[in-house]
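For reference, the structure discussed in these notes is given below.
Read the numbers this way: they start at 1 and go in the same order the structure lists the ligands and their atoms. The structure displayed is predicted, hence computed values, not measured ones.
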Amino acid sequence: MNKEDIYGINKWGNDILEIMDNGNIGLKNPFYPENSPSDLIEIIKSLNERGISCPVLLRVTDYLAFRIQQINNSFLNAIKEIGFKGNYKGVFPVKVNQQAQVIDRIVEFGKKYDFGLEVGSKPELLIALAHDLSSESAIICNGIKDREFIHLAILSQKIGFKTILVLESPRELELIIKISKELNIRPLLGIRIKLTNKVSGNWSQSSGDRSAFGLSVEQVMDVIKKLRAHNYLDCLILQHSHLGSQIPDIIEIRKATQEACRFFSEITNQGAPLKYLDLGGGLGVDYTGEQKSALNSINYSLDEYCTNIVETVKYELDQSNISHPTIVTESGRACIASSSMLIFNILETTNFDSREIQTKNKNDHPLLKNMIQILEYLDLDRAQECLNDLNYYRDEIRVLFRSGQIDLPNMAKTEETYLNIINKIKKVLVSSTEITEELQTSLDNMADIYHGNFSLFQSLPDVWAIDQLHPIAPIQKLDKDPNRRAVLNDITCDSDGIINKFVLRDGISNTLPVHKIENDEDYFLGVFYIGAYQETLGDLHNLFGDTNVVTIKLKENGGYQLLHEQEGDTISEVLSYVEYEPKDIINRFKSIVEDAVRSRDLSLSERKELTQSFKESISGYTYFEK
Ligand SMILES: *Cc1c(COP(=O)(O)O)cnc(C)c1O
């Protein structure tokens, strides 16, 4: 049996996935790694039997619980080892995944660690206030706040919430002081600092002088003076800074922490009783498993992240004789990414294989004859030359076709010959390890297209928007050689709905190794690490709506338990998002059918069938149904 891990599943999926003996992907229970995993194909099959079809977004609660435990334990261990005298208290930034099922579980799993929530808008604040948080966990309010936001936040302290208003601008302060006086409640305040250190990666604009968020040094000084003048300096208990997301390099985290500590010391010396040092998000996910400082990878482990932060804070604050604070981080991505995966089926495939070997014929155009002749000198050393000739002859013949000098049979034979020869070149190159970029591109252009039952825009928006890499692999047949190479097309009618960058064990590839799909069998692909940001950023392109969502809990000894099922959008729902009233649209269709009964001899039974079919569609799934 061949179980070579060409997809790198053991690298990027190490603590959650495993290739099983039957060739399927198994979901490992991270709390019981030695126990047998749950067969993902079995899970999909049993969901299908329940009437839940692909595409399915599968949430595995154990992975979320595990990450929350890991992050907290890692910080607690670092604190112990380093002899840090303060605490750690994390918060989950709600914007990263606001879904009720997710937030409910984060609150549940986080309770014993006093895990709190970070909110950036009024709706997110309302979500946080509807949860039974432990009395020691914080609700940290970032973002631009109006009167209503501030009013509710301050008032919520009355019912036991530790709601901290982080000042994003000097203007906000006046409003907060005014409202707090009206309510006669002292607010809990934070101050957001704009650090000068810039980070690399996709979110570098969140850091440095030009960052949209936080106060510059002059503004910090201003705010402190104002607080003092109004006798509110004693309310300032938290200092916040956020560097961005998916920070690839640990050095950048260390430098930023160091700078944040300098502010912490200075602001403390100005007389503010700071208790919390909030370092924001940025803890990355190693989507590629490469363990290096690159866009979709990180060059540090969770333990290293925690140790570096705790060590730096201790060192810097000891230097200035400031007592150790409670460290807060706002890790969204690292908390939630691994707990969701998208599973979809392949609907059809397009390949560029050639049917037959082309032989020269006396009616062939001379250029076509030359093209066929390439086969006579094709070998490894001359592969590039053959490709050049092949492209040259085809271009010339295409020009002749456009100007009417070559007929359809000759043109068809040319294209067929082209495919035939390029496939031959591909075969010749199989044994070669040094393929030039140009040859590789030509070969990539010959890859199959696998058409998947999903919308990139709905389910994987960051793949479209910022070329995010999420690992993708077939979830079956991993004991067999994947004998084809493919790119993936989604079900939308948008040429951007394509995936052509893939994470493999040996690096990033433009094509995904896949298996040939035999007579109509089901073939499923999984896209992993999609729990962060994707669900809310997704849109309704072509009116493909939310997919079915299923939350499962893994059993200790294999198998799983279905905790929650959320049916995807129906057509009627997505129509209502774009201002159609489903009842109205049915009536409109009915009246068109009724007109046809009158004027076109439509029979009454045909009328019934048409309206029935329309009604069934409108209550159905927006994706391809079997
Ligand atoms: C988005 C955001 C986060 C989350 O960042 P991750 O990189 O996902 O951990 C944390 N804090 C603030 C203020 C944010 O805006």
Side-chain angles (χ1 to χ4, degrees), residues 64 67-68 70-72 74-75 88-99 102-103 106 110 115-121 123-125 127-128 138-145 164-169 172 190-195 199-208 211-215 238-250 252-253 256-257 260 276-287 295-298 300 302 305-306 309 327-340 461-462 465-466 468 470 529-537:
L64 177 57
R67 285 287 185 258
I68 291 176
Q70 267 189 320
I71 291 173
N72 282 283
S74 233
F75 266 110
Y88 169 76
K89 294 228 154 83
V91 294
F92 180 79
V94 174
K95 77 157 191 280
V96 181
N97 192 326
Q98 301 105 336
Q99 308 293 323
V102 170
I103 300 292
I106 288 173
F115 214 55
L117 295 169
E118 184 268 351
V119 303
S121 66
E124 290 182 359
L125 174 63
I127 290 176
I139 297 177
I140 296 183
C141 305
N142 288 312
I144 296 174
K145 303 169 223 24
I164 304 176
L165 284 164
V166 179
L167 295 164
E168 293 260 6
S169 72
E172 252 168 29
I191 187 167
R192 184 159 180 176
I193 310 282
K194 193 185 283 194
L195 298 180
V199 302
S200 51
N202 260 327
W203 286 269
S204 60
Q205 0 34 310
S206 326
S207 59
S211 148
F213 312 103
L215 304 173
L238 177 141
Q239 177 191 304
H240 180 279
S241 50
H242 170 66
L243 285 180
S245 207
Q246 186 65 18
I247 299 174
D249 191 347
I250 189 72
E252 297 174 334
I253 290 167
T257 305
Y276 297 93
L277 173 61
D278 183 344
L279 296 166
L283 172 59
V285 167
D286 196 355
Y287 292 99
L295 276 186
N296 296 283
S297 184
I298 48 176
Y300 52 91
L302 175 61
Y305 173 83
C306 298
I309 286 180
I327 295 174
V328 178
T329 63
E330 306 176 343
S331 289
R333 184 187 297 277
C335 217
I336 193 79
S338 66
S339 66
S340 294
D462 277 345
I466 54 167
Q468 171 71 51
H470 294 285
Y529 294 90
I530 60 164
Y533 301 101
Q534 304 313 289
E535 284 188 64
T536 309
L537 288 177

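When each atom of ligand 1 is checked for a heavy atom of Glu118 under 4.0 Å away, the hits are 12 (C), 13 (C). Taking every heavy atom of Asn142 and a limit of under 4.0 angstrom, the matching atoms of ligand 1 come to 13 (C).
Protein heavy atom nearest atom 1 (C) of ligand 1, with residue, atom name and distance: Lys95 NZ, 1.4 Å. Nearest protein neighbour of atom 7 (O) of ligand 1, counting heavy atoms only, is Ser245 OG, 2.5 Å. Protein heavy atom nearest atom 9 (O) of ligand 1, with residue, atom name and distance: Gly332 N, 2.7 Å.
The distance from atom NE2 of His240 to atom CG of Leu277, rounded to the nearest 0.5 Å, is 10.5 Å. To the nearest 0.5 Å, atom CD1 of residue Ile336 and atom CD1 of residue Ile106 are 4.5 Å apart.
Tyr88 and Phe75 have parallel rings, their planes meeting at less than 30° on a 0 to 90° scale where 60° marks the start of perpendicular.
For the pair Arg333 and ligand 1, the shortest N or O to N or O distance falls below 3.5 Å. Residue Glu330 has at least one N or O atom closer than 3.5 Å to an N or O atom of ligand 1. Below 3.5 Å of separation, one finds an N or O of Tyr533 facing an N or O of ligand 1. Close N/O approach between Ser331 and ligand 1 is not found [any backbone or side-chain N/O within under 3.5 Å].
In this structure, Leu283 falls outside the shell of residues with a heavy atom less than 4.0 angstrom from ligand 1. At least one heavy atom of Gly282 sits less than 4.0 Å from an atom of ligand 1.
In terms of modelled atom types and a separation under 3.5 Å, the side chain of Glu330 and the main chain of Asp278 share no donor-acceptor contact.
Environment of CD1 in Ile144: sparse, with no more than 12 heavy atoms of neighbouring residues, nucleotides or ligands closer than 6.0 Å.
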Checklist entry - When you look at Gln99 and Thr536, which way does the side chain to side chain contact (heavy atoms under 4.5 Å, CB included) test go after all the steps? => result CA-CA 8 Å; Gln99 308 293 323; Thr536 309; 4.1 Å; yes
Item to check | Step-by-step side chain to side chain contact (heavy atoms under 4.5 Å, CB included) determination, Val166 to Leu238 | outcome: CA-CA 8 Å; Val166 179; Leu238 177 141; 4.0 Å; yes
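Side-chain contact of Arg67 with Ser339: a donor-acceptor pair under 3.5 Å is absent, judged by distance alone.
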